[in-house]
Each structure stands twice: as C-alpha cells, then as structure tokens.
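Below you'll find the structure, written out as structure tokens, and then a few comments.
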Number of protein chains: 2
Amino acid sequence: MSVGIRHDDLRRRNRAMVISAVRRAAHPSRTEIAATTGLSHSTISAISSDLIEEGVLAESKPSEPGSFKRGRPQVGLSLNPEAATVMTVVLSLNFLSVAVIDYTGQVIAEEQRRLDTLTMNREALVGACIAIVRRRLEDADLDVRGIARIALAIQGVTDTHARAMLWSPITPHTDIPFADVLEEEFGIPAIVENDCNMMAVALRWRDPQRYRDDFIAVLLSHGIGMGLVLKGELFSGTHSSGGEFGHMIHRPDGALCRCGRRGCIEAYAGNYAIWRNASEMGEEAEPVDVGDAEMRVLAATAREKDGPEREAYRKAGEALGFGLGSLFALVDPAPVAMVGVSAAAFDLIEPALREAIAQTAGGQHSKSISFDTEPNELPLIREGCAMRALTFVDEQIFAPGVQARAGVAGKNVA
Amino acid sequence: MSVGIRHDDLRRRNRAMVISAVRRAAHPSRTEIAATTGLSHSTISAISSDLIEEGVLAESKPSEPGSFKRGRPQVGLSLNPEAATVMTVVLSLNFLSVAVIDYTGQVIAEEQRRLDTLTMNREALVGACIAIVRRRLEDADLDVRGIARIALAIQGVTDTHARAMLWSPITPHTDIPFADVLEEEFGIPAIVENDCNMMAVALRWRDPQRYRDDFIAVLLSHGIGMGLVLKGELFSGTHSSGGEFGHMIHRPDGALCRCGRRGCIEAYAGNYAIWRNASEMGEEAEPVDVGDAEMRVLAATAREKDGPEREAYRKAGEALGFGLGSLFALVDPAPVAMVGVSAAAFDLIEPALREAIAQTAGGQHSKSISFDTEPNELPLIREGCAMRALTFVDEQIFAPGVQARAGVAGKNVA
DNA sequence: CAGTGTTTTTTCGAGGCTCGAAAAAATGGG
DNA sequence: CCCATTTTTTCGAGCCTCGAAAAAACACTG
C-alpha cells in the first residue's frame with residue numbers, strides 16, 4: 001500500500017524543496033532557504049552548489065538591494081531562465097492560446113487564435129492545437145528538444161492522470177486524449193488540466209498571502225466552474241477533474257441547465273441563465289452563448305434600474321450563495337475569488353449571495369468568507385498553466401526519481 | 001512553509017510503516033512486509049528486530065498455517081498485545097460508553113451508561129465522562145501510566161486539532177475542551193473526534209477491500225452525519241470537523257431543521273423529519289427525538305401499506321439522493337455505507353434516492369455508487385475510535401519524532 | 001587603511017540509514 | 001543424509017544530513 005522511504009528519495013525531495021523555495025521567494029539566500037526548509041546550512045549549501053553546477057539555479061544579487069547589514073552579504077539565488085522552457089496551451093470557448101515560457105515564468109512568445117470550437121469536428125480541434133504548437137516551435141526557432149513540458153488547460157472534466165479531456169462544454173466531442181496526442185506528435189511530455197484549477201494555482205502564486213492553504217476560485221462565465229485548494233493542495237475529484245460546483249443542485253427540478261439536467265447552480269448563475277432571466281425568456285429557454293460585451297451592457301442596465309435584469313443577478317447570487325453554503329457545510333469557509341465577466345457584476349450579485357449564505361451552515365462563520373473579484377480569467381488560466389508546467393519540470397526533471405534521472409536530466413540540463 | 005526531510009525522519013517513518021503493515025495484515029512475514037513497503041529485506045530485518053526487542057512486535061506462527069512450501073518457513077510478525085493499552089470514550093445522545101483496548105485492538109474491559117445528555121449541565125456532562133473513565137481505570141486494576149492514549153468520539157463538530165467539541169446536537173453546551181480536561185485529570189494524552197469519522201475509520205479496518213481509498217459513511221439517525229475518506233485519508237473540514245453533510249441545503253427555504261435553519265437534508269431525512277412527515281405534522285413541527293424501536297415500527301408500517309409513512313421515507317430518499325448528487329459533483333462517486341437505525345429501512349429509501357441521484361451530476365457514473373447498510377452505529381464508532389487511538393500510539397510513541405522519543409518511549413515501552 | 005566585529009557560506013569529519021550481496025538458518029524432497 | 005529452496009541475518013559500501021569550525025566577504029572604527 002503505502003511505500004517506505006528509500007535513501008535516495010531523501011536527496012530528491014530536498015532538492016525539490018530547495019528549487020521550490022527559490023521559485024516561491026524572490027532571490028532568497030542560502031540562509032533564508034535553510035530557515036524555511038528546516039534543513040541545515042551544510043545541506044542547503046551542498047544542494048544549491050549542485051543545482052548551480054547543473055545550470056538550474058544561478059547566483060544573483062541579494063534579495064534586499066539596499067542591505068546595510070554588517071557581515072558578509074547574502075548571495076541571492078535565482079532560477080536560471082535558460083534551465084528549461086515550457087509551453088502552455090489554453091483551450092476555451094472559441095479561443096485557443098499558446099505561450100512559450102522560460103524557466104522563471106516569463107513569456108517568451110505567444111499566439112492567440114479564434115476558432116469555432118462548438119462546431120469543429122474532432123480532428124480539426126486536435127489539429128488546430130497541434131498546428132499552433134508547431135508554429136510556435138518553428139517561429140521561436142526552438143528545437144523540439146528545447147521544450148521540456150507542455151501543459152494544456154481546458155474547460156471541463158479531465159481525467160485523474162491529467163492525460164485526457166473527458167467532457168467539455170466547449171465541444172461536443174468527448175474523451176480526447178490531448179496529452180497522448182501531443183506527446184506522440186512532438187515527443188514532449190504533456191499534461192491536461194482543468195481551467196479553474198489552473199486559476200486557483202495562479203491565484204496562489206499571485207497573492208500567496210491571501211490565497212494560502214485554503215481558498216476557492218469560482219469562474220463566473222458561460223458556465224460556472226470552481227478550483228478548490230484545501231490544506232495547501234489542489235482538490236480535484238478522485239477520478240476526474242476539479243469540483244463541478246456549477247452542477248451542484250440548487251433547486252431540485254428547477255431551471256434547465258446546459259448539461260441537460262435541472263436545477264444546477266449554473267442554470268441560475270451562468271451567463272446564459274442570467275441572460276434568459278433578464279430577458280424574461282423563462283427557465284426552460286434553450287441556453288445561448290452570450291458575449292462578454294453583452295453581459296457588460298446587461299450589468300449596466302441592472303445597475304441603472306430595478307427591472308428583470310437586476311432580478312436575474314439576484315437569482316444568480318442566491319444560487320451561488322446556497323451553493324457556497326452547501327460547500328461550506330463540507331469544507332470550512334475560506335476566501336473566495338470570483339473570476340470572469342460576471343465577477344465584474346459582483347456588486348449586483350453580492351447582496352443576494354450573502355443573504356443566502358447566511359441561511360446555511362456556512363453562514364455561522366461568515367466573517368472568514370471574503371470575496372475578491374478578477375474579471376479576466378484568461379491571463380489567470382495561462383499563468384496557472386505555466387506554473388503547473390514549471391512545477392513539473394522542477395519535480396520530474398530537476399529532482400527526479402532514481403529511474404528517470406539519468407536519461408531525462410542528461411538531455412535537458414544543458 | 002513545507003519542511004525538508006531530516007535524516008532521522010527516515011527511520012521514524014519506516015518504523016511507522018512496518019508497524020502499520022503488521023497491524024493491517026494478519027501475521028505478515030518479514031518478506032511480505034519488504035514486498036508491500038518496497039524497502040529492502042535488510043532494512044525490514046533491522047527495524048523489526050528493534051521493534052521486537054522494544055516489545056512492540058512479537059514473532060508468531062506463520063500467516064498460512066498449512067504452508068507446505070519448500071524452503072525456510074516464514075515467521076509471522078504480530079503486535080504484542082501488552083505493548084500498550086488505550087481507552088475509548090463514545091459520547092452519544094443519552095449514552096456514554098467506555099472501553100479499554102489492548103494493543104491488538106481487543107476489548108479488555110468496558111462499561112456503558114445511560115444519561116440525559118440534553119438536560120445535564122456542563123459540569124455534570126464532563127464529570128460523567130471523567131467518572132466513568134476513572135472507574136474503568138480502577139476496576140481494571142490499571143495504573144494510570146498503563147494507558148497510553150484516550151480517544152473520545154462525539155456527535156457534532158470538533159476542532160481541527162482534535163482537542164475540543166465545538167458544537168453538538170446531544171447537548172446545549174458548546175466548546176467543551178474534552179481533550180484538555182482528560183489530559184489534566186489523568187495525565188494521559190487525549191483526542192476528540194467526530195463520530196462519523198470514526199465510523200469511516202472502522203469501516204476501512206473491517207473491509208479494506210470495499211472501503212479502500214475513497215468511500216462515504218453516512219449516519220442515518222436523529223441527525224444525518226457523514227464520514228468521508230478521499231485518497232486514503234479522512235477528509236475533515238479544514239477548520240473544524242467532518243463534513244456537515246446533513247446541513248447541506250436540499251431545498252432553499254424548505255423544512256425546518258433541528259439546527260434552526262431551513263431546507264437542510266437532515267430536515268427531510270433525520271429520524272425526527274421522517275417521523276413528523278409520517279405523522280403528517282407538517283414541516284414546521286418542532287423536532288422531537290424518536291426512539292429506535294419507534295423508528296422500526298414506522299418502517300414496518302411503511303412496508304405494509306402505501307401511506308404517509310412510505311411517503312416520508314420517499315422524501316428522505318429524495319433529500320439524500322440530491323445531497324449525494326451534489327456531493328458527487330465535487331468528489332467523484334464512491335461506495336457508500338449507510339449506518340444507523342434508518343439504514344435498516346434503506347429498502348424504503350433507496351428507490352427515491354436512486355431516482356434523485358440520477359437527476360444530478362453524480363448520476364452519470366451511477367454504476368460506481370454502491371450502497372451497503374449497517375444498522376448499528378455504536379460498535380462501529382467504538383471500533384474506529386480504538387483504531388484511531390492505536391494509530392496514535394503507533395505513530396507517536398513507537399515511531400516518534402526526535403524530540404518526543406526519549407521521554408515518552410521510555411515509560412511506555414516496558 | 002588596517003584591524004575588528006558580524007554575518008554568510010563552505011568545508012570536513014562523524015554518525016546513521018538503506019542497500020546489495022553473501023552467508024546463515026530452516027525446512028521439504030529424493 | 002545431502003541437496004534445493006526460501007527466509008532471515010550479517011556485513012561492508014555508499015549516501016545523506018548534521019554540527020562545528022573554518023573561510024569568506026563586507027561594514028565599521030579609529
């Protein structure tokens with residue numbers, strides 16, 4: 001069942017720890033790393049000199065530029081930007097975006113493309129991804145071997161091993177093994193991740209103070225998604241992907257959801273749901289995709305006068321509030337980030353949301369629930385995706401298990 | 001943040017692993033342990049001879065009595081029953097139960113007592129627990145030092161560190177620091193755990209085949225509780241206790257719940273809810289405690305004729321079904337164990353439950369959801385509690401961190 | 001500008017742990 | 001009674017981390 005710790009694992013894990021400490025902090029000194037990891041100075045010294053020699057880390061100026069301290073000045077450690085390069089692919093509704101990222105997380109090159117994901121056939125969709133990746137590789141004048149990992153983020157359900165998209169609202173096709181396809185095509189290890197999970201990862205890197213061990217990222221867009229971090233770890237469902245928060249049941253036998261079921265949270269709070277409630281089309285109306293601009297107009301109208309538009313946002317708030325309340329019955333309250341177009345309309349949503357949450361088990365500790373908003377999800381998803389890919393490089397290439405070490409490290413550490 | 005692995009941790013963890021392997025399997029040989037842990041024979045040999053010398057393990061007959069294999073016969077390892085003794089305290093509605101357990105998990109002595117938990121004052125409740133523990137200690141002719149740990153299971157919300165009961169339906173009092181009280185009184189380290197979590201722990205020990213890495217234990221009793229195991233670990237809320245499944249919202253502004261809120265699952269599926277629906281008292285009726293015998297009569301009536309009783313169970317099933325469906329939107333479907341009086345009436349609950357679950361996101365994979373029933377929760381809770389206490393002994397006393405080692409191990413390893 | 005104090009980093013030997021190989025132990029089969 | 005077979009122990013090698021001490025690098029002082 002659980003496996004014992006071998007002697008070689010020790011170094012591996014501690015290497016990974018040093019790398020992650022350097023990635024997290026800005027130019028930490030060896031002494032600072034020793035303090036945060038709890039390892040001795042000698043160990044940190046040994047590991048970091050190894051890593052510098054291998055070209056993973058580099059020495060840089062100390063963290064505090066104006067340090068007027070007495071003794072020997074600290075030498076800051078930083079990631080070597082050229083240690084590895086990764087690629088991110090973000091596939092969302094009618095939109096495909098690719099970026100080449102250096103080892104420090106800086107964007108080297110990028111390309112974005114509109115495409116009609118809903119109507120494309122399977123081969124065209126997969127082909128579009130492959131084509132854009134290939135174009136970036138060629139344009140950036142990069143050797144295929146120069147890319148260490150590819151991470152693909154997609155809206156919908158992915159499998160446990162981050163290898164395939166099982167189901168997605170952006171395409172009628174199911175079970176597309178993107179990771180295998182990309183690996184076969186380019187020979188580069190690839191992973192497939194849920195977009196909301198990547199949002200959560202990005203939030204943690206952006207603001208580690210606020211988004212620390214426990215928090216929730218909710219995507220308010222066409223659909224409702226969620227990325228959940230509990231006890232410092234991404235909480236993905238055991239088999240498939242991130243929690244399908246949007247498809248928790250708000251009202252049994254309630255409004256028609258895009259997924260074909262009834263009463264889902266999304267059927268009240270998704271863009272299409274807000275839209276059809278605002279236009280008084282009824283809860284049975286076929287879900288339509290509404291543009292971001294139209295949603296902004298809708299929000300403006302709702303702010304202006306008390307009509308069906310305002311009521312639509314109220315209903316959305318209510319659904320989200322009861323949903324979060326039920327969620328908080330299971331996992332204790334935590335900070336929430338609202339992301340996506342409708343997050344820009346959170347002022348319209350919040351009152352009903354808070355009222356609903358107060359009527360639930362989560363309401364007791366409503367103080368610890370605070371909301372933050374971020375209207376633009378795409379940059380967030382890409383950032384998270386990049387960090388995910390880089391973390392894989394950190395762990396798999398630069399602090400690999402015994403078997404992987406010789407082979408992979410050899411060709412990537414240049 | 002995350003802490004590096006020290007060199008001493010290695011032995012500690014591997015010791016813990018060997019102990020747990022012996023506890024899990026029936027008389028495993030050293031070779032078998034080497035296979036399951038992935039450690040080398042030499043390491044297992046060294047660790048187990050240490051443990052035998054310390055009196056934690058003992059050699060016994062091989063696992064397969066009729067082993068006619070060729071070579072040197074395997075020597076089975078087993079736990080030394082006298083290595084340590086623990087105590088379990090289970091506090092439930094109007095009932096207090098204490099047991100003394102040896103290191104293998106066998107019950108040495110026990111005592112049970114009725115008491116009126118709902119009306120007792122705070123001091124009386126705490127005093128009753130102390131008194132029954134003291135009596136067991138004296139009767140069993142045990143030195144206080146002979147008990148290594150006390151584990152107390154209670155219905156309700158406990159704090160993260162397993163030290164206090166924060167809130168419970170069995171008493172009006174809140175924030176009772178049972179662990180501190182017991183430690184102060186007897187000088188024995190104590191922990192406080194949620195009853196449903198202990199049910200889940202026990203199920204895992206009873207049937208590791210079925211209840212392995214992911215499963216759900218649902219308590220169908222006065223209230224509705226849940227113990228959730230995900231990825232092989234008990235999933236407790238981040239701050240407080242196990243998921244308050246019973247207080248997820250089934251119908252916004254719905255039936256009156258014992259917790260004062262409206263529309264909770266419990267307000268449809270708790271004993272009192274089934275009772276008041278069966279007696280057609282309306283969903284506003286004040287919750288009353290219904291005896292187990294009365295519930296059994298109710299179930300029998302419901303089986304006999306199609307009246308309000310049957311409808312009450314149908315409503316309970318519907319609430320549980322939508323609740324599980326919402327849960328399965330977050331954590332992928334897993335086997336469910338229904339425990340408690342109303343689990344004996346699961347035949348009445350199941351049809352509506354399945355129908356509801358089919359209308360939710362969880363319904364897609366309904367194949368992987370299977371139900372098992374266990375009408376009697378008390379033995380399960382006590383078993384889980386015992387295993388919890390013993391696991392603590394395994395990890396904290398017999399495979400302790402560096403600082404704890406000298407002091408504690410000295411007086412307990414006899 | 002040399003000496004002193006302070007802090008960071010490296011060096012070095014000690015102690016522990018796990019591992020693989022070989023030896024020892026324990027048994028059935030011929 | 002010896003051999004084949006399997007389990008368990010023994011032993012030396014190789015790593016890894018640690019603590020202490022040394023070395024390095026700078027600020028401050030007079």
Side-chain angles (χ1 to χ4, degrees), chain A residues 3-18 22 27-53 57-77 399 401-403 405, chain B residues 3-18 22 27-53 57-77 399 401-403 405:
Chain A
V3 160
I5 303 182
R6 315 275 301 283
H7 206 193
D8 354 355
D9 293 346
L10 246 173
R11 225 331 158 35
R12 207 195 88 237
R13 295 200 195 193
N14 288 340
R15 275 171 70 100
M17 192 138 292
V18 169
V22 175
H27 307 290
S29 71
R30 291 166 175 81
T31 311
E32 284 166 13
I33 298 174
T36 60
T37 59
L39 297 170
S40 73
H41 288 178
S42 356
T43 304
I44 301 300
S45 185
I47 292 177
S48 51
S49 87
D50 279 3
L51 290 172
I52 289 172
E53 199 176 335
L57 300 184
E59 294 195 336
S60 66
K61 288 298 98 190
S63 54
E64 294 291 298
S67 72
F68 296 115
K69 280 189 294 184
R70 281 269 280 174
R72 176 175 177 173
Q74 305 187 348
V75 180
L77 293 178
V402 265
Q403 74 289 4
R405 192 147 192 175
Chain B
V3 159
I5 302 181
R6 316 276 301 284
H7 206 195
D8 353 355
D9 293 346
L10 246 174
R11 224 338 158 30
R12 207 195 88 236
R13 296 200 195 193
N14 288 340
R15 275 172 69 101
M17 193 138 292
V18 170
V22 175
H27 308 289
S29 72
R30 292 166 175 80
T31 311
E32 284 165 12
I33 297 174
T36 59
T37 59
L39 297 169
S40 73
H41 288 179
S42 357
T43 304
I44 301 300
S45 184
I47 292 177
S48 51
S49 86
D50 280 2
L51 290 172
I52 289 172
E53 199 177 336
L57 300 185
E59 293 195 337
S60 66
K61 288 297 97 190
S63 54
E64 294 291 298
S67 71
F68 296 116
K69 280 190 293 186
R70 280 270 279 173
R72 176 174 176 173
Q74 304 188 349
V75 180
L77 293 177
V402 263
Q403 73 290 4
R405 191 149 193 173

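Note on naming: letters A, B, ... go to the chains in the order of the sequence lines (proteins, then strands), and numbering restarts at 1 for each one.
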Task: Partner set under side-chain hydrogen bond (donor to acceptor under 3.5 Å, both in side chains) for Ser42(A), not counting sequence neighbours - done: Ser40(A)

TODO: Measure the shortest side-chain to side-chain distance between Ile5(A) and Arg13(A) over non-hydrogen atoms and say whether it is less than 4.5 angstrom.
DONE: yes

Task: Any Leu77(B) side-chain heavy atom under 4.5 Å of Leu51(B) side chain - done: no

- [ ] Check for a donor-acceptor pair, side chain of Asp9(A) on one end and backbone N or O of Arg6(A) on the other, with a separation under 3.5 Å.
- [x] yes

Open item on the list: Please report the distance, rounded to the nearest Å, between CD in Glu32(A) and P in dT7(C).
Closed with: 15 Å

Open item on the list: Here's a test of your reading of the structure: between Gly71(A) and Ala46(B), which maps to the more 5' nucleotide of DNA chain D?
Closed with: Ala46(B)

Task: Glu59(A) vs Ile5(A), nearer the 5' end of DNA chain C by closest nucleotide - done: Glu59(A)

Open item on the list: Measuring only between side-chain heavy atoms, which start at C-beta, is Val22(A) closer than 4.5 Å to His27(A)?
Closed with: no

- [ ] Figure out the CZ/C1' separation between Arg6(A) and dG20(C), and round it to whole Å.
- [x] 11 Å

Task: Polar side-chain contact Arg70(B)-dT5(D) base: donor and acceptor under 3.5 Å - done: no

Open item on the list: Any side-chain N or O of Arg30(A) below 4.0 angstrom from OP1/OP2 of dT10(C)?
Closed with: yes

Task: Phosphate OP1/OP2 of dT18(C) contacted by Asn14(B) side-chain N/O (<4.0 Å) - done: yes

Open item on the list: If I take atom CD1 in residue Ile47(B) and atom C1' in nucleotide dG16(C), what distance separates them, rounded to the nearest angstrom?
Closed with: 12 Å

TODO: Take the protein atom CD1 of Ile33(B) and the nucleotide atom P of dT8(D), then report the distance between them rounded to whole Å.
DONE: 9 Å

Task: Ile44(A) or Leu39(B), whichever maps to the more 5' nucleotide of DNA chain C - done: Ile44(A)

Open item on the list: From the set dT6(D), dT9(C), dC16(D), return the single nucleotide nearest to any side-chain atom of Arg72(A).
Closed with: dT9(C)

Open item on the list: Using whole Å, what does the distance between atom P of nucleotide dT17(D) and atom CZ of Arg13(B) come to?
Closed with: 13 Å

Task: Pro73(B) side-chain proximity, nearest of dA26(C), dC26(D), dT8(D) - done: dA26(C)

TODO: Find the distance Leu10(A):CG to dC19(C):C1' and express it as a whole number of Å.
DONE: 14 Å

TODO: State, yes or no, whether a side-chain contact exists between Asp8(B) and Arg11(B) at a heavy-atom distance under 4.5 Å.
DONE: no

Open item on the list: Let's see if you can work this out: which of dT8(D), dT18(C), dT9(C) has an atom nearest to the side-chain heavy atoms of Thr31(A)?
Closed with: dT9(C)

TODO: Round to the nearest Å and state the distance from His41(B) atom NE2 to dA25(C) atom C1'.
DONE: 15 Å

- [ ] For residues Asp50(B) and Arg15(B), determine if any side-chain heavy atom of one lies less than 4.5 Å from a side-chain heavy atom of the other.
- [x] yes

- [ ] Report the distance from atom CZ of Arg15(B) to atom P of dG16(C), rounded to the nearest whole Å.
- [x] 15 Å

Open item on the list: Is there a side-chain contact between Ser29(A) and the phosphate of dT8(C), meaning an N or O under 4.0 Å from OP1 or OP2?
Closed with: no

TODO: Would you indicate, yes or no, if dT9(D) has its OP1 or OP2 atom less than 4.0 angstrom from a side-chain nitrogen or oxygen of Ser49(B)?
DONE: no

Grab the N/O contacts between the protein and nucleotides 11-15 of chain D below 3.5 Å, and write none if there aren't any.
{"from": "dG14(D)", "atom 1": "N2", "to": "His7(A)", "atom 2": "ND1", "distance (Å)": "3.3"}

TODO: For residues Gln74(B) and Glu32(B), determine if any side-chain heavy atom of one lies less than 4.5 Å from a side-chain heavy atom of the other.
DONE: yes

